[in-house]
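Numbering of residues begins at 1 and proceeds along the displayed sequence.
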Amino acid sequence: MMKVVEVLDAINALHPSTLLTTSEAAIFLRTSVTKMERLRKDGDGAAYIQGDGVYAKGFNQTCLYG
């Protein structure tokens, strides 16, 4: 399993247009997945794309952060 520092180094090495999963974004932002989900639910937090478009509504759709 990768250490947090290794994950951060890998994320920082990505192209700026690369989208991150909720777990990756939480590590990058040094917060929890639960907090990311709560912020998203409350309409706060980092910008994300869900489903086919920005801020699309629906269940079980992957959220990606850019």
Side-chain angles (χ1 to χ4, degrees):
M1 180 173 269
M2 294 178 75
K3 295 181 181 179
V4 172
V5 173
E6 293 171 329
V7 173
L8 286 171
D9 286 342
I11 290 171
N12 283 320
L14 295 174
H15 189 274
S17 65
T18 301
L19 298 175
L20 303 176
T21 65
T22 303
S23 297
E24 293 165 340
I27 291 169
F28 182 75
L29 297 171
R30 298 180 181 203
T31 190
S32 69
V33 170
T34 303
K35 184 171 182 178
M36 297 284 293
E37 292 169 345
R38 185 176 63 246
L39 288 170
R40 191 170 61 233
K41 180 183 171 216
D42 294 342
D44 294 327
Y48 65 92
I49 297 171
Q50 182 178 14
D52 293 329
V54 175
Y55 302 105
K57 301 296 180 197
F59 297 100
N60 298 323
Q61 294 182 6
T62 301
C63 292
L64 298 173
Y65 294 83

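Separating the CZ atom in F28 from the CG atom in N12 is a distance of 5.5 Å, to the nearest 0.5 Å. Note: R40 CZ to M36 CE = 7.0 Å, rounded to the nearest 0.5 Å. K35 contributes atom NZ, which lies 11.0 Å from atom CG of D42 (distance to the nearest 0.5 angstrom).
Taking every heavy atom of both residues into account, Y65 and A47 meet most closely at CD2-O, 3.3 Å.
Put simply, L14 and Y48 are part of the same group of oily side chains (I, L, V, M, F, W, Y) that touch within less than 4.5 Å, one to the next.
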**Prompt:** Do L39 and T31 pass the side-chain contact (heavy atoms from CB on, under 4.5 Å) test, and can you show the C-alpha distance, the side-chain angles, and the key distance before you say yes or no?
**Reply:** CA-CA 11 Å; L39 288 170; T31 190; 5.9 Å; no
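Not counting sequence neighbours, the partners of T21 by the side-chain contact (heavy atoms from CB on, under 4.5 Å) test are S23, E24, L64. Scanning for side-chain hydrogen bond (donor to acceptor under 3.5 Å, both in side chains) contacts around S17 gives H15, with sequence neighbours left out.
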